[in-house]
2 protein chains.
Amino acid sequence: MATIKDVARRAGVTISTVSYAINGTRPVSEKTRAVIFQAMDDLGYRPHAMARALASKRTRILALLFSPLERGLGLTELEFVTCAADAAKERGYHLVLWSTEIHDEEDIRHLSSQGLVDGAVLMEVQEDDPRIGFLQDLKLPFAMIGRTAAGEGLLSVDIDFGRTLSDAVDHLVGLGHQRIAFLNQSREVYDSGYGPAVRGLAGFEAAIQRAGATGYRVFAHANPAGGADAIGELMNDHPDVTAIVMMNDRAIPGVIQALSERSLTVPEDVSLLSVASSPRVAEMFVPALTSMDVPSEELGRLSVEYLVSTLEDRPAEGGDLVPCTLVVRGSTGSAPQSL
Amino acid sequence: MATIKDVARRAGVTISTVSYAINGTRPVSEKTRAVIFQAMDDLGYRPHAMARALASKRTRILALLFSPLERGLGLTELEFVTCAADAAKERGYHLVLWSTEIHDEEDIRHLSSQGLVDGAVLMEVQEDDPRIGFLQDLKLPFAMIGRTAAGEGLLSVDIDFGRTLSDAVDHLVGLGHQRIAFLNQSREVYDSGYGPAVRGLAGFEAAIQRAGATGYRVFAHANPAGGADAIGELMNDHPDVTAIVMMNDRAIPGVIQALSERSLTVPEDVSLLSVASSPRVAEMFVPALTSMDVPSEELGRLSVEYLVSTLEDRPAEGGDLVPCTLVVRGSTGSAPQSL
DNA sequence: TACCGTCATCGAAACGTTTCGACTAAGCGT
DNA sequence: ACGCTTAGTCGAAACGTTTCGATGACGGTA
């Protein structure tokens with residue numbers, strides 16, 4: 001493989017000049033630059049990533065941190081990954097996957113101490129995420145998908161739950177629904193302060209209030225049985241509900257089954273709207289679920305962009321909130337006329 | 001950050017001795033080794049990945065190639081990714097994500113020419129995959145998840161479709177089913193020679209034959225409508241079918257709906273068995289689907305292990321086939337008594 | 001005693017870049 | 001005609017490893 005030395009020789013200049021021409025670190029005359037680029041072309045030269053990294057102390061490699069435990073990665077998270085990789089590539093960076101127990105400090109330290117990565121993107125951020133402390137100690141720049149409780153000046157992108165739930169409720173109210181339930185994650189998850197669960201519910205309540213409708217809330221474990229139980233509870237307490245906003249992908253099958261067992265059809269008797277889920281999930285059901293799709297592409301992309309900007313001394317603001325977009329499928333319809 | 005130099009000084013030896021002690025490249029006396037490791041510990045020393053790569057010409061970074069187009073990554077593929085990353089980590093390697101159009105030679109060349117990666121793992125391999133040629137030209141070692149048509153001596157892991165379909169059919173026959181349908185991918189996909197579609201069907205036919213049962217075959221597009229159409233066709237031609245083996249995740253919702261529209265219940269009237277799918281998918285339905293789960297962990301892991309072995313001059317055999325494992329859930333039951 | 005092979009260690013040269021200080025020649029104001 | 005800046009280039013020293021050839025000490029064999 002051709003090295004910078006070969007290019008220099010062929011162009012009749014020294015290697016430092018070639019380096020300046022490539023990186024624009026110092027001025028190079030128009031004429032010389034042309035000769036150098038010609039030589040590079042002729043030789044099919046590509047800078048050697050490792051050598052460059054060693055000398056410049058910048059690897060142009062980013063780590064994507066995710067924790068395998070927890071609820072496990074889903075389709076939505078998968079899109080973060082691929083979109084983040086694309087975004088990184090566009091900016092000349094690479095993305096390495098780093099799956100690590102969320103509390104394993106040694107493991108995270110290991111990652112950075114080798115000098116392998118310039119920065120990190122954190123997925124599945126928790127309200128009180130221990131990784132953030134580790135990263136700060138290591139002085140490793142990072143961006144988050146999600147937010148911590150405090151979120152003080154850290155780089156992050158997150159779903160705009162306020163706006164998302166507001167849009168969701170508006171859609172239902174627009175169809176004539178007045179008694180709407182919010183099916184959240186489990187109470188344990190909510191109590192632990194998991195961001196989406198907390199912010200989602202808050203957004204829902206605010207939206208309901210603004211719309212002058214009546215809201216019910218119910219929690220469900222992240223599995224079909226949890227969904228079924230939740231519907232049982234809900235229908236027992238509030239049999240007059242006509243629409244359910246769900247923010248719990250895995251509970252959905254149970255919800256649907258429980259409704260059909262009660263001879264309630266979707267969307268004639270009850271409208272269903274899935275929030276912060278992926279189209280792939282929504283289309284698994286019959287009828288396909290109307291949903292507020294997560295802007296995973298944007299989240300993945302923005303997080304990388306923030307990080308790269310910071311690394312290249314173009315400090316980014318961060319803290320952006322992007323709303324989910326409403327996609328109407330078959331599970332929402334006009335509220336039933338009579339009760 | 002401590003360097004090898006610091007370690008050497010503290011241990012009272014030269015850097016080359018330290019290097020030998022770390023890598024085991026040459027013998028080092030027990031006493032010296034102890035002193036060196038002590039020094040490393042004291043200083044919290046970690047070899048600098050880039051420097052090591054530059055000097056040894058081995059980066060210990062592997063690329064994971066996937067093409068964004070196609071049918072899009074699903075939950076099963078996601079598991080490949082995370083498991084491959086874990087396996088790589090265990091062996092001291094890193095995994096970078098490289099999403100590339102399957103035919104984009106320049107892009108693949110770009111990847112290797114920088115000397116960034118030692119080898120590649122290919123996901124979603126096609127029967128006649130152009131990437132393989134590129135990689136061979138570049139002399140970049142690689143392993144595949146899936147197989148090409150020829151598969152001549154290339155490193156690969158794949159699902160053992162013969163064994164898997166055989167187990168699936170046996171399970172159903174054991175429940176008394178005698179007329180079993182195989183719901184494949186679409187005819188187009190099958191005709192294009194997509195490996196799983198071809199090998200799956202072949203395995204099914206062989207298993208049916210061996211079991212002395214009757215087999216029907218039907219194709220479906222990878223979406224709910226496709227599934228519904230397929231059931232329509234199947235029930236029209238062969239209303240006596242009592243079990244369906246499905247190898248088409250995305251068509252499943254349509255299948256279930258079409259069955260219920262015909263007042264056929266699962267599993268009382270018809271047993272459903274999903275092949276080569278992920279538990280996550282199987283549990284989305286009511287009743288949860290009995291399935292042959294893809295050993296994604298093993299596939300991801302093995303592919304990395306093969307590649308690493310080859311890189312470290314322990315040539316691997318490759319070409320392993322691993323079967324899916326049967327997980328009985330609620331969608332299969334005894335064949336209906338009468339017809 | 002002289003010689004040879006091992007074992008353990010040393011010193012120095014790579015690996016392919018970036019970057020710093022220095023040098024030259026040209027352009028400027030005075 | 002003088003010094004001063006500036007654009008353009010050079011040479012050499014990093015960056016932190018691995019690896020090769022050489023060296024010295026030691027024990028065994030002739």
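Note that the coordinates shown come from a computational prediction; the quantities given were computed from them, not determined experimentally. Just so we're on the same page: letters track the sequence lines, and every chain starts at 1.
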[X] [atom1] to [N] [atom2], straight-line distance once rounded to whole Å:
X      : N      : atom1 : atom2 : result
A/M50  : D/dT18 : CE    : P     : 15 Å
A/L116 : D/dT17 : CG    : P     : 13 Å
A/I36  : D/dC10 : CD1   : P     : 8 Å
B/K57  : C/dT17 : NZ    : P     : 10 Å
B/L54  : C/dT18 : CG    : P     : 12 Å
A/I22  : C/dT18 : CD1   : P     : 6 Å
B/K31  : C/dA8  : NZ    : C1'   : 11 Å
A/M40  : C/dG16 : CE    : P     : 17 Å

Check: D/dG11 base within 3.5 Å donor-acceptor of A/S16 side chain: yes

Polar pair under 3.5 Å, donor/acceptor by atom type, side chain B/R26, base C/dT9: yes

Touch class at under 4.0 angstrom, heavy-atom based, for B/R46 against every strand present: sugar-phosphate

Of the listed nucleotides D/dT17, C/dT19, C/dA8, the one nearest the side chain of B/P27: C/dA8

Of the listed nucleotides C/dT17, D/dG16, D/dG11, the one nearest the side chain of B/A51: D/dG16

Proximity to DNA chain C (any heavy atom under 4.0 Å), residues of residues 2-13 of chain A only: A/T3, A/I4

Give a yes or no answer on whether the side chain of [X] reaches the backbone of [Y] with a donor-acceptor pair at less than 3.5 Å.
X      : Y      : answer
A/D6   : A/A2   : no
A/K89  : A/H94  : no
B/T310 : B/Y306 : yes

Pair [X] + [Y], salt bridge at N-O below 4.0 Å:
X      : Y      : answer
B/R91  : B/E305 : yes
B/E106 : A/R46  : yes
B/D86  : B/R301 : no
B/R131 : B/E124 : no
A/D118 : A/R60  : no

First of A/R52 and B/A55 reached from the 5' end of DNA chain C, by closest nucleotide: B/A55

Relative orientation of the end axes in the helix from C/dT1-D/dA30 to C/dT30-D/dA1, expressed as an angle to the nearest 10° (five pairs per end): 50°

Would one find a side-chain N or O of [X] under 4.0 angstrom from OP1 or OP2 of [N]?
X     : N      : answer
A/S19 : C/dT18 : yes
A/Y20 : C/dT17 : no
B/S56 : D/dT18 : no

First encountered from the 5' end of DNA chain D, between A/S29 and A/I15: A/S29

Heavy-atom closest pair, residues A/G115 and A/T59: O-CG2, 3.2 Å

Closest approach of A/L299 to A/V157 (non-hydrogen atoms, all atoms of both residues): O-CG2, 3.6 Å

